Amino acid sequence: MGQRSGRQESSQTPELALSGAMNAEADVQNDAEEAKELKAKAQRISSVFGVADLKNGAIGLYNVGQTCCLNSLLQVFLMNIHFTGILRRITVPPHAAQQSRNVPYQMLLLLEEMQCGKRKAVSPRNLAWCLSGYRVELFVQHDAAQLFLTVWNLIKRQMKKPELVEELSDLYTICVQEHLACQECSFETKRNSSMLTLPLPVLDSNSHMLRTLSMKLVHLPQTLTIHLKRFCFRKSAYIHKLSHSLPFPQDLDFNAVLTENQCQADDNEKAAWQYELFAVVAHSGSASFGHYCAYIRSLTECKWYCFNDSEVCQVSWDDVKCTYGHSNLHWGETAYLLIYMKKHPQ
């Protein structure tokens, strides 16, 4: 009996060994496939380079929580090949909880979805919830210039690589020289400071066009954002939107529009101040209520598109010029942010 039992055990041992080996091999294969899938995803994300219309035409963003202002700004960011070139090189947070709170990473995921999907529009819900964790409120009307500054600062703060922070600053930051004079002794001090948008008042309190800047420009970045200050304060402290016409060109040479009193830059710096219009963030409505959309010139196709949340359509330059404004159309669509790109040297 013992010998027979022993023979049975010995005859089963190879089968058990084979089964165990097969299970082990299956586990190794599953681990390898999982690792391969994770690696492929990492490579896919890191390879995202270009603009949001790179593969599938211009992609829109669904309005989640009255995010028309945010959607317009996101389109301006993600259609900028210089910005996405920085974004694709970020350090991916190692943990899911960190990833959900990381603005650059959520923007990268959104860009990947816009480039790799087959839908006409995608949802920015995850990014919107991420921003809401940093007191960017939903279901309210935002000021585009203020929201642009908030989002940009969050991106800069959460980029771990110092070289990327420097590149981001070089891409958007304007350097100006400020003058401060004492009213009693006329002593004047000068200091350099930086800003993200160049403020340009449309009208003064008497509804006259302002022709001078209150600061001297020292350095202009690759992507120059001009903030048209289309509002004024009435005696009742009521903020009123200014809809007067303000034409802006497709090509802009700052050397031709600035005087010596408005510029504090050397000749090499000023030689690069040749710009072409890249995007217009426009607002329709009043100072307290309205809607944002973005007109953006595709860098890959050199065509203008209107990004109106989930609706995207190709437009002409004449359509963009409709955002100049008109004094008789107080609720009409008017340009609010102008984004210019430096021209490449011929």
Side-chain angles (χ1 to χ4, degrees), residues 48-54 57-61 68-88 107 110-111 114-115 144-145 147-149 151-152 155 167-174 195-200 217 219-228 246-257 272-283 292-308 312-325 333-346:
V48 170
F49 184 82
V51 294
D53 65 334
L54 183 63
I59 306 299
L61 295 172
C68 63
C69 182
L70 175 62
N71 285 354
S72 298
L73 295 177
L74 290 177
Q75 294 286 12
V76 172
F77 273 120
L78 299 180
M79 290 284 285
N80 186 341
I81 194 171
H82 306 291
F83 173 77
T84 56
I86 297 173
L87 189 65
R88 72 183 181 90
M107 290 186 72
L110 181 61
L111 176 60
M114 296 173 77
Q115 290 188 335
L147 185 59
F148 178 48
L149 177 62
V151 173
W152 188 86
I155 296 170
E167 287 184 42
L168 184 66
S169 296
D170 291 341
L171 181 59
Y172 286 101
T173 303
I174 304 163
M195 57 179 58
L196 190 62
T197 61
L198 183 64
L200 182 63
L217 298 177
H219 169 74
L220 294 180
Q222 171 70 37
T223 302
L224 173 64
T225 304
I226 297 176
H227 174 201
L228 302 180
L246 179 67
F248 48 84
Q250 288 197 72
D251 298 302
L252 179 60
D253 180 3
F254 264 83
N255 295 293
V257 298
W273 287 3
Q274 307 288 330
Y275 285 87
E276 56 186 350
L277 189 64
F278 165 64
V280 177
V281 175
H283 179 267
Y292 284 97
C293 70
Y295 295 85
I296 305 175
R297 183 174 177 267
S298 166
L299 298 179
T300 57
E301 299 177 317
C302 297
K303 297 177 181 178
W304 281 98
Y305 288 89
C306 176
F307 293 83
N308 191 357
V312 182
C313 62
Q314 186 178 338
V315 295
S316 66
W317 170 240
D318 286 336
D319 293 320
V320 180
K321 290 194 296 184
C322 290
T323 64
Y324 282 174
E333 189 176 63
T334 52
Y336 189 65
L337 295 180
L338 304 178
I339 298 91
Y340 281 88
M341 289 276 197
K342 272 186 179 179
K343 290 183 177 182
H344 293 294
Q346 298 295 329

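No experiment lies behind these values; they were computed from the predicted model shown.
From L246, atom CG reaches atom CG of L200 across 6.5 Å, with rounding to the nearest 0.5 Å. In this structure, CG on L198 lies 5.0 Å from CD1 on I174, to the nearest 0.5 angstrom. Between the SG atom of C313 and the CH2 atom of W304 there is a distance of 13.5 Å, given to the nearest 0.5 Å. A distance of 8.0 Å separates CG in L70 from CG in L61, rounded to the nearest 0.5 Å. The line from CZ of F307 to CG of L74 is 12.0 Å long, rounded to the nearest 0.5 Å.
In this structure, T225 and L196 have side chains that are not in contact, with every pair of non-hydrogen atoms separated by 4.5 Å or more. Residues I155 and Y172 form no side-chain contact, since every pair of their non-hydrogen atoms from C-beta on lies 4.5 Å or further apart. Residues M195 and T173 fail the side-chain proximity criterion, which asks for heavy atoms closer than 4.5 Å. Two residues are said to be in side-chain contact when any heavy atoms from C-beta on lie closer than 4.5 Å; I339 and L337 meet this criterion. Side chains of D170 and Q222 form no contact here, defined as non-hydrogen atoms less than 4.5 Å apart. With contacts defined as side-chain heavy-atom distances shorter than 4.5 Å, the pair W317/L277 qualifies. A heavy-atom distance below 4.5 Å is found between the side chains of Q75 and M114. Annotation: side chain of W273 is not in contact with side chain of L252 (no heavy-atom distance under 4.5 Å).
Results of the side-chain contact (heavy atoms from CB on, under 4.5 Å) test with E276 over K342, R297, Q250 single out R297 as the only residue that passes. In summary, of the residues considered (Y292, Y324, Y295), a side-chain hydrogen bond (donor to acceptor under 3.5 Å, both in side chains) with E333 occurs for Y295 alone.
Here the closest heavy-atom approach between residue I296 and residue M79 is recorded as CG2-CB, 3.9 Å. For A335 against F248, the heavy-atom pair with the smallest separation is CB-CE2, 3.7 Å. In this structure, T223 and M341 approach most closely via the heavy-atom pair OG1-SD, 3.5 Å. Taking all atoms of both residues into account, the shortest heavy-atom contact from Y305 to A58 is CD2-CB, 3.9 Å. Residue C293 comes nearest to C306 through the heavy atom pair SG-SG, 4.3 Å, listed as atom of the first residue, atom of the second, then distance. For the pair R88 and G85, the tightest heavy-atom approach, listed with the atom from each and the gap, is CG-O, 3.4 Å.
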Q. Between Y275 and L220, is a side chain to side chain contact (heavy atoms under 4.5 Å, CB included) present by the stated rule, with each step listed?
A. CA-CA 10 Å; Y275 285 87; L220 294 180; 3.1 Å; yes
Q. Could you walk me through whether F254 and Y340 pass the side chain to side chain contact (heavy atoms under 4.5 Å, CB included) check?
A. CA-CA 11 Å; F254 264 83; Y340 281 88; 6.0 Å; no
Q.
Pair T334, L228 - check side chain to side chain contact (heavy atoms under 4.5 Å, CB included), show working.
A. CA-CA 10 Å; T334 52; L228 302 180; over 6 Å; no
Q. Is there a side chain to side chain contact (heavy atoms under 4.5 Å, CB included) between T323 and Y336 once you walk through the steps?
A. CA-CA 9 Å; T323 64; Y336 189 65; over 6 Å; no
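K343 places no side-chain N or O within donor-acceptor distance of the main-chain N or O of D251, the cut-off being under 3.5 Å. No donor-acceptor distance shorter than 3.5 angstrom exists from the side chain of N80 to the backbone of F77, with no hydrogens or angles considered.
In this structure, the side chain to side chain donor-acceptor pair (under 3.5 Å) partners of N255, at least two apart in sequence or on a different chain, are D253. With sequence neighbours excluded, the residues that form a side chain to side chain contact (heavy atoms under 4.5 Å, CB included) with E167 are I86, R89, L164.
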